[in-house]
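In what follows, every chain begins at residue 1, and chains take the letters A, B, ... in the order their sequences are listed.
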2 protein chains.
Amino acid sequence: MRFDLFDLQLFVAIAEAGNLTQASNKLHIVPSASSARIKQLEDSFGVRLFHRASTGLSLTPAGQAMLFHARRILLRANRMRDELSEFSRGLQGVVRIFSISIGATVYLPKALSSFLTKHAQVSVEIEEHISDDIIRAVREYRADIGIIGGKFAVDELQIFPYANERLVVLASVDHPICARPDISFEEALDLDFIGLNPHNTLNLFLIRQANQVGKTFRTRALVRGPYEASAMVVGNAGITIVEESVARQCALTMPLRAIPLSDPWALREMQICVRNLGELPPFARDLVAMLRADGTSLTPASAGAAAPSPISNAPSGID
Amino acid sequence: MRFDLFDLQLFVAIAEAGNLTQASNKLHIVPSASSARIKQLEDSFGVRLFHRASTGLSLTPAGQAMLFHARRILLRANRMRDELSEFSRGLQGVVRIFSISIGATVYLPKALSSFLTKHAQVSVEIEEHISDDIIRAVREYRADIGIIGGKFAVDELQIFPYANERLVVLASVDHPICARPDISFEEALDLDFIGLNPHNTLNLFLIRQANQVGKTFRTRALVRGPYEASAMVVGNAGITIVEESVARQCALTMPLRAIPLSDPWALREMQICVRNLGELPPFARDLVAMLRADGTSLTPASAGAAAPSPISNAPSGID
DNA sequence: GCAGTTTACGAAACGCGTAAGAATG
DNA sequence: CATTCTTACGCGTTTCGTAAACTGC
């Protein structure tokens with residue numbers, strides 16, 4: 001277990017060329033040296049990796065298995081080298097964020113634009129996942145910061161409240177329910193729905209809520225995301241339920257109105273989670289701080305159960 | 001880019017201990033040697049990885065970034081070592097299969113039991129994914145064999161037909177529709193449904209089919225898998241749609257009946273895909289051959305459009 | 001005999017440990 | 001002055017390249 005990355009490169013090259021000499025030339029080494037390296041690799045694992053023939057080398061099954069892993073190791077090593085070379089060119093940090101859909105598409109883009117200008121030499125990676133996966137990733141060091149939706153029991157992680165997002169019904173401006181100040185989820189279920197990609201935390205949550213009141217979604221169509229759904233909502237094919245900020249975004253370009261859901265649980269509490277704030281580099285801590293400030297300012301402590309007051313549905317139209 | 005795995009181990013150990021001396025002791029090396037290795041690592045990347053202090057070492061942001069990748073490389077390398085050590089103890093091959101749900105839970109277990117007895121020294125890894133991911137994995141060498149559901153346009157891969165699975169409605173034995181020889185999907189949509197985990201290929205497919213006839217699922221509950229659904233079907237909470245072989249399995253232990261769907265598309269054509277049969281080791285080719293033989297024998301060329309005849313719903317009950 | 005792999009061998013390079021130096025609190 | 005990291009240096013091992021032997025088509 002003390003082999004080189006160059007051993008792996010050589011191994012892969014030989015496996016792909018089926019030929020020790022060509023692989024050796026490609027890597028600017030003499031065949032005898034390659035031969036020795038491979039032999040040593042085989043000895044260290046106690047397994048033959050290639051079948052030898054005077055016509056060339058071919059993989060044994062053990063070699064096939066090794067090839068699989070070796071390729072992945074090399075890919076990762078290259079990414080590492082590339083990232084580090086960015087540092088040598090001035091990059092000062094990388095922050096890896098895993099977020100639920102609304103965070104990755106609505107909140108983070110805004111929040112990050114100010115962060116990135118403040119920290120010009122820090123780069124940010126965002127991946128969209130469901131809450132469960134996010135928690136796992138943060139725990140396992142695969143993500144620095146997680147944005148999750150709803151209250152989760154998360155031991156060993158540090159949790160901070162982020163934005164509170166009120167869920168709203170998104171409807172065409174000429175839909176009857178636009179006359180109302182709010183609507184209960186149960187009432188809304190009597191209307192036709194445009195469904196969103198089922199593989200996200202919000203949708204799984206809503207389906208469970210529907211079960212609890214003993215009703216079901218009358219899904220008229222199933223589309224990828226909120227923007228696709230909006231297009232169908234405009235045509236009055238149905239309504240959909242999204243977070244308020246998503247609704248606002250969609251209403252900017254389409255004649256839509258958002259009607260708040262009156263149920264208590266319709267105020268979804270998004271949370272920021274990190275393994276340990278103290279472990280994070282300063283710029284990442286700063287990002288967490290900025291997110292927290294940003295999140296709470298966006299939803300000013302209206303955290304009381306079902307307060308529909310701060311939600312205006314007037315400015316949601318296209319007018 | 002010619003560093004050791006030991007370099008990475010050392011790097012991670014120092015990062016975790018925050019202390020070069022302790023890390024060096026742990027790895028049975030003298031601190032001066034560690035110091036030299038780290039320095040060389042830093043030179044090769046042109047980046048400082050640690051902040052030096054007389055109290056110990058702490059990671060720079062570049063070091064943090066490297067730690068992230070280094071951990072993953074080491075995990076992979078350990079898996080590789082473990083797998084190769086299996087080879088040195090007699091293992092003769094590994095086959096990695098990615099399959100859709102029904103393949104992984106119904107078909108492969110049966111097929112593999114005979115394969116594994118025939119090839120006592122070959123091990124098989126199965127992962128469950130949706131068809132799109134499976135195709136990508138096979139293409140990118142992450143899987144040797146893929147089992148996908150439905151006809152896909154897959155360039156560059158070799159495709160073989162596998163089993164044809166008729167979709168059936170699963171209902172409690174005392175449900176009215178049990179009197180019928182078959183039922184159309186459109187009719188079935190008028191009944192209450194128990195929904196399955198939405199993140200699988202079959203479900204996405206069914207939801208789209210429902211859209212096409214302009215109806216929607218009246219989902220009364222949403223559960224993880226077919227066995228959980230069966231329990232609710234028995235209580236007459238609703239019906240569900242599954243592949244016939246899944247239905248058969250569930251009916252073994254519960255008073256259920258399977259009523260075939262009469263729609264032409266209800267005969268789902270599962271397919272085996274590989275990158276290139278010639279590239280695979282003999283035992284993997286043999287597995288593909290066994291799967292193909294198995295699959296076609298299970299669904300004897302009833303591939304004509306909507307032939308409900310070969311499907312008996314008599315033996316599906318518990319009686 | 002040609003294309004390919006492996007063995008033999010001397011020289012250069014590398015990495016280890018010992019020992020001593022330097023910095024910090 | 002104790003802890004910790006770094007530099008200097010001698011020694012053994014590794015790894016390289018050259019050259020020659022070996023193997024199947």
**Student:** Determine, for Y141(A) and R275(A), whether the Lys NZ or Arg CZ falls below 6.0 Å from the six-membered ring centre while staying within 45 degrees of the axis.
**Tutor:**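 Cation-pi check for R275(A) and Y141(A): passes.
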
**Student:** Could you tell me whether the side chain of I97(A) reaches within less than 4.5 Å of the side chain of L287(A), counting heavy atoms only?
**Tutor:** yes

**Student:** Measure from CG on D7(B) to C1' on dC14(C) and round the result to the nearest Å.
**Tutor:**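 Computing the D7(B):CG to dC14(C):C1' distance gives 12 Å.
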
**Student:** Mind checking whether R52(B) and I38(B) have side chains closer than 4.5 Å, heavy atoms only?
**Tutor:**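 When only atoms from C-beta onward are counted, I38(B) and R52(B) do touch, with a gap below 4.5 Å.
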
**Student:** Between D4(B) (CG) and dT14(D) (C1'), how many Å, whole number?
**Tutor:**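 Taking atom C1' of dT14(D) as the reference, CG of D4(B) is at 12 Å.
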
**Student:** With sequence neighbours left out, which residue pairs that include part of residues 57-75 of chain A fulfil the salt bridge (Lys or Arg N to Asp or Glu O under 4.0 Å) condition?
**Tutor:**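 Qualifying pairs: E16(A)-R71(A).
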
**Student:** Could you tell me the separation between the CG atom of L27(A) and the P atom of dT15(D), rounded to a whole number of Å?
**Tutor:**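 In whole Å, dT15(D) P and L27(A) CG are 16 Å from each other.
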
**Student:** In whole angstrom, give the distance that lies between atom CD1 of I29(B) and atom P of dC16(C).
**Tutor:** 4 Å

**Student:** Would you say dG4(C) has OP1 or OP2 under 4.0 Å from some side-chain N or O of N19(A)?
**Tutor:** yes

**Student:** Tell me which one of I159(B), V288(B), L157(B), D144(B) satisfies side-chain contact (heavy atoms from CB on, under 4.5 Å) with V274(B).
**Tutor:**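 The side-chain contact (heavy atoms from CB on, under 4.5 Å) with V274(B) is passed solely by V288(B) among I159(B), V288(B), L157(B), D144(B).
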
**Student:** So, for F283(B) and F115(B), is the gap between ring centers shorter than 6.0 Å?
**Tutor:**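 Ring centroids of F283(B) and F115(B) are no less than 6.0 Å from each other.
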
**Student:** Could you tell me the separation between the CG atom of L20(A) and the C1' atom of dT7(C), rounded to a whole number of Å?
**Tutor:** 14 Å

**Student:** Among residues 31-56 of chain B, which residues get a heavy atom nearer than 4.0 Å to DNA chain C?
**Tutor:**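 S32(B), A33(B), R37(B), Q40(B), S54(B), in order of number.
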
**Student:** Can you name the closest pair of heavy atoms from G149(B) and S131(B) and give their distance?
**Tutor:**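 What the structure gives for the nearest pair is N-OG, 3.3 Å.
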
**Student:** Can you classify the ring geometry of F98(B) versus H129(B) as parallel (below 30°), tilted (30 to 60°) or perpendicular (above 60°)?
**Tutor:** parallel

**Student:** Between dT4(D) atom C1' and I14(B) atom CD1, what is the distance in whole Å?
**Tutor:** 12 Å

**Student:** Rounding to 10 degrees, work out the angle separating the end axes of the helix from dG1(C)-dC25(D) to dG25(C)-dC1(D) (five pairs an end).
**Tutor:** 30°

**Student:** Can you tell me the distance, in whole Å, between the CZ atom of F6(B) and the P atom of dC14(C)?
**Tutor:** 18 Å

**Student:** For the pair D82(A) and R79(A), find out whether any cationic side-chain nitrogen is under 4.0 Å from an anionic carboxylate oxygen.
**Tutor:** no

